[in-house]
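Whatever order the structure lists ligands and atoms in, that order sets their numbers, starting from 1. Note: hydrogens, waters and symmetry copies are ignored here, and every other heavy atom, side chains too, is used.
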Amino acid sequence: MGRRYKETIPVQVAIVGGGIVGTAVVRELSRYKLDLLLIEAEPEVGWGSTKANSGIVHGGFHEEPGTLKAKYCLPGNQMYPELCRDLDVCFEQNGILMVARTAEEMDTVRTYFRRGTERGVNLRLLSRDEVLAQEPNLDPGIAGALFAPEGGSVMPFELAAALMENAVQNGARYLVNAKVQNAWSEAGKKFLETEEHRIQADYVINAAGLFADDLARMFGDDYFTIHPRKGEEYIFDLSVKDVVKSTIFPVPGPISKGILVIPTAAGNLMMGPTGDNILEKEDLATSQYGFERVFAGAKSLVPSLDPRKIIAQFAGVRAASNRGDFIVELSPNVPGLLHLAGIESPGLTAAPAIAADVPRLLGEAGLELDLKEDFDPRRRPVIRFNLLSREEQDALVKEDPSYGRIICRCETITEGEIVDAVQRGARTLDGIKFRTRAGAGRCQGGFCQPLITEIISRELNIPVTKVTKRGPGSEQVRYKVKELYESEVQA
Ligand SMILES: Cc1cc2nc3c(=O)[nH]c(=O)nc-3n(C[C@H](O)[C@H](O)[C@H](O)COP(=O)(O)OP(=O)(O)OC[C@H]3O[C@@H](n4cnc5c(N)ncnc54)[C@H](O)[C@@H]3O)c2cc1C
């Protein structure tokens, strides 16, 4: 069989990977007069490590001095309040407590305090009594803690979707369901091939997360490798929401920050993650062993946690590089190829700062950068019905009755919000869930999923049998009973 003809799409800058790094980069570059294209393998952006993490905007005191993680984490943290305001993304600056359980651990906490304050992080050392006054549900046996008031919590998927939406408002384009299968460099141009397209780019940014080493190798760069490290997380229902106010960290171990108790920006409490080196990059299974370690770690910090209140669990995979640090550099072999690889934790926090450095790096590679006068940093605000006052809800329903129809009862999400999410780019049930939280409550979509399926079908004008949970192969409806009945009656 001959090769299928693919029309070539010429662009100035192609970004491979629509995780938090790729979307932050494309939005940053959309400040400039550039022709930009982001290419994402999944049906929506933000579905890699970005959708399955702890959602913490780290304080900037954990990272080893001299690392790129340290270089980008604190500035990233400092960019979050304005970024989330501009993009209307849920962000809670609820602070981080690193809790010491013994006098020896308190010595380690003091080391983090010195390291952080030298770097300019706003930190306070708290005695046992001060910690318990702030967080009365912590284990009374603790020795003291480090408090970072500027640490926070964000909804990572929502942020990635918002960054992409704002970049598109500012002229960028993106492809989904477009896995780069082939890439090469020829006569100063770089080529990327997906099932459907051939893209010819002057500059390529490798933000392919776990698969960044595979993409680099396609261009002949084999000087770094990515090693998957899994983290399991467990989510409680909203009844345990107020057990702690800040994110609670233990004193870290040698390869991870330990098991945390996390009040998420969505309002649920979460505990995790584990930190297990694994063989398969796509291994997202949770396990009894993972649960036992997470629960034991979380319970040692907050003894009242009750496993019967857990409503969901997931695993995410960190993209650890063989350097043990982020890789943010131009390829030494392929002019115009920029690697943003090995962006494991605190990559969510660091992403806006990494993105802000990309114009400098592309400038070094010869790209001319000319700022647009009309860049708009703000995204159209999102209506969150359950956060409105009664009066605001009444006025909204009068104006648009679709906001008066509750689709997700657990989280009080309306039809209007689901329609809006589709209009902003959601294409799947998971896309709706991550954007609006419809289906993320106690019943986990048992009640609302059929209704959401119908809304997506109606809004996109596709049959319900084509609506998927997370892309092809995850269709939820095999046939419509009415159609089946009619076909049988006719037969
Ligand atoms: C359990 C866990 C907890 C974490 N907690 C935190 C935290 O609390 N705070 C924090 O700051 N960080 C945290 N992190 C780290 C954070 O999640 C990552 O640093 C961040 O999500 C990395 O983003 P990314 O864009 O590099 O990768 P991804 O989000 O993985 O994005 C890469 C994208 O590239 C796409 N892609 C790959 N190959 C191709 C291809 N060939 N063609 C087209 N597209 C392709 C993928 O589909 C994917 O969407 C955590 C990570 C894990 C796993």
### Query
Can we say Arg379 and Asp86 salt-bridge, meaning some charged N sits less than 4.0 Å from an Asp/Glu carboxylate O?
no

### Message
Please list the nearest protein heavy atom to atom 30 (O) of ligand 1 with its residue and the distance rounded to 0.1 Å.
### Response
Ser49 N, 2.9 Å

### Task
State whether the side chain of Glu135 and the backbone N or O of Ser246 hold a donor-acceptor pair below 3.5 Å, judged by distance alone.
yes

#### Entry: Nearest-neighbour protein heavy atom for atom 31 (O) of ligand 1, which is reported as residue plus atom name and distance
Gly19 CA, 3.3 Å

### Message
Any atom of ligand 1 sitting under 4.0 Å from a heavy atom of Ala315?
### Response
no

### Query
Is Glu44 reaching over with its side chain to a backbone N or O of Thr428, donor-acceptor style, under 3.5 angstrom?
yes

### Query
Got an N/O contact under 3.5 Å between Ser54 and ligand 1?
yes

#### Entry: Contacting atoms of ligand 1, where contact means under 4.0 angstrom from a heavy atom of Val21
23 (O), 24 (P), 25 (O), 26 (O)

### Query
Nearest to atom 32 (C) of ligand 1, what protein heavy atom do you find, and at what distance?
Ala207 O, 3.5 Å

#### Entry: SB check Asp88 Arg378 (cutoff 4.0 Å)
no

### Query
Does CD in Glu282 sit with more than 12 non-hydrogen atoms of other residues, nucleotides or ligands closer than 6.0 Å?
no

### Task
Indicate yes or no: does an N/O atom of Leu215 lie under 3.5 Å from an N/O atom of ligand 1?
no

### Message
Heavy-atom pairs closer than 4.0 Å: do any link ligand 1 to the side chain of Val317, the backbone, both, or neither?
### Response
backbone

### Message
When you compare ligand 1 with Ile343, is there at least one nitrogen or oxygen pair between them that comes in under 3.5 angstrom?
### Response
yes

#### Entry: Identified side-chain contact (heavy atoms from CB on, under 4.5 Å) partner of Ile205 from the options Leu29, Val16, Leu337
Leu29

## Note on the structure
So the atoms of ligand 1 within less than 4.0 Å of a heavy atom of Gly48 turn out to be 29 (O), 30 (O), 49 (O)

### Task
Would you mind listing which atoms of ligand 1 come within a distance below 4.0 Å of any non-hydrogen atom of Glu42?
47 (O)

### Message
One thing to verify: whether Glu64 and Arg115 come together as a salt bridge, which I'm taking to mean a side-chain N less than 4.0 angstrom from a carboxylate O.
### Response
yes

### Task
Could you tell me whether Met218 and ligand 1 have an N or O pair separated by under 3.5 Å?
no

## Note on the structure
of all protein heavy atoms, closest to atom 47 (O) of ligand 1 is Glu40 OE2, 2.6 Å

### Message
Would Glu233 count as a polar contact of ligand 1, with the cut-off being nitrogen or oxygen pairs under 3.5 Å?
### Response
no

### Message
So, regarding Val180 and ligand 1 (criterion: nitrogen or oxygen to nitrogen or oxygen, under 3.5 Å), is there a contact or not?
### Response
yes

### Salt-bridge contact Glu364-Arg360 (side-chain N to carboxylate O under 4.0 Å)
yes

### Message
Closer than 3.5 angstrom, by distance alone: can the side chain of Tyr234 be matched with the main-chain N or O of Phe291 as a donor-acceptor pair?
### Response
yes

### Salt bridge Lys469-Asp430, side-chain N to carboxylate O under 4.0 Å
yes

### Query
For ligand 1, is there an N or O atom under 3.5 Å from any N or O atom of Trp47?
no

### Structural part of Ala178 in contact with ligand 1, heavy atom criterion under 4.0 angstrom
backbone

### Query
What do we get for Gln181 next to ligand 1 when only non-hydrogen atoms under 4.0 Å count, side chain, backbone, both or neither?
neither

### Query
Could Asp325 and Arg323 be called an ion pair, given the rule that one side-chain N must be under 4.0 Å from one carboxylate O?
no

### Query
Is there a donor in the side chain of Tyr72 and an acceptor in the side chain of Asp357, or the other way round, less than 3.5 Å apart?
yes

### Query
Which atoms of ligand 1 sit under 4.0 Å from any heavy atom of Gly209?
27 (O), 32 (C)

## Note on the structure
the protein heavy atom lying closest to atom 50 (C) of ligand 1 turns out to be Asn53 CB, 3.3 Å

### Query
Is a side-chain donor or acceptor of Asp276 paired with a backbone partner of Lys230 at a separation under 3.5 angstrom?
no

### Query
Near Glu344, which atoms of ligand 1 are under 4.0 Å from a heavy atom of that residue?
15 (C), 19 (O)

### Query
Which of the numbered atoms in ligand 1 are below 4.0 angstrom from a heavy atom of Ile56?
7 (C), 8 (O), 9 (N), 10 (C), 11 (O)

### Query
What is the closest protein heavy atom to atom 10 (C) of ligand 1, and at what distance does it sit?
Leu348 CB, 3.3 Å

### Message
So, regarding Gly46 and ligand 1 (criterion: nitrogen or oxygen to nitrogen or oxygen, under 3.5 Å), is there a contact or not?
### Response
no

### Query
Counting from 1, what ligand 1 atoms have a heavy atom of Ala41 closer than 4.0 Å?
43 (C), 44 (N), 45 (C)

### Message
With respect to Arg318, determine whether any N or O atom, backbone or side chain, lies less than 3.5 Å from an N or O atom of ligand 1.
### Response
no

### Task
May I ask you to decide if Pro472's main-chain N or O and Glu475's side chain share a donor-acceptor pair within less than 3.5 Å?
no

#### Entry: Test item: Asn206 side-chain N/O and Ala212 main-chain N/O as donor-acceptor pair under 3.5 Å
yes

### Task
Give the residue and atom name of whichever protein heavy atom lies nearest to atom 34 (O) of ligand 1, and the separation in Å to one decimal.
Gly17 CA, 3.2 Å

### Query
Numbering the atoms of ligand 1 from 1, which are under 4.0 Å from a heavy atom of Pro346?
10 (C), 11 (O), 12 (N)

### Task
Taking Ser474 for its side chain and Thr468 for its backbone only, find out whether a donor-acceptor pair lies under 3.5 Å.
no

### Task
For atom 39 (C) of ligand 1, find the nearest protein heavy atom and state the residue, atom name and distance (0.1 Å precision).
Ala208 CB, 4.1 Å

### Message
I'd like to check whether Ala52 has a polar contact with ligand 1, where a contact means an N/O of the residue lying under 3.5 Å from an N/O of the ligand.
### Response
no

### Task
For a side-chain contact (heavy atoms from CB on, under 4.5 Å) with Asn268, tell me which candidate from Arg437, Lys241, Lys309 qualifies.
Arg437

### Message
Can you tell whether the side chains of Arg384 and Glu158 come within less than 4.0 Å, N to carboxylate O?
### Response
yes

### Query
Counting heavy atoms only, which part of Ala319 comes closer than 4.0 Å to ligand 1: side chain, backbone, both or neither?
neither

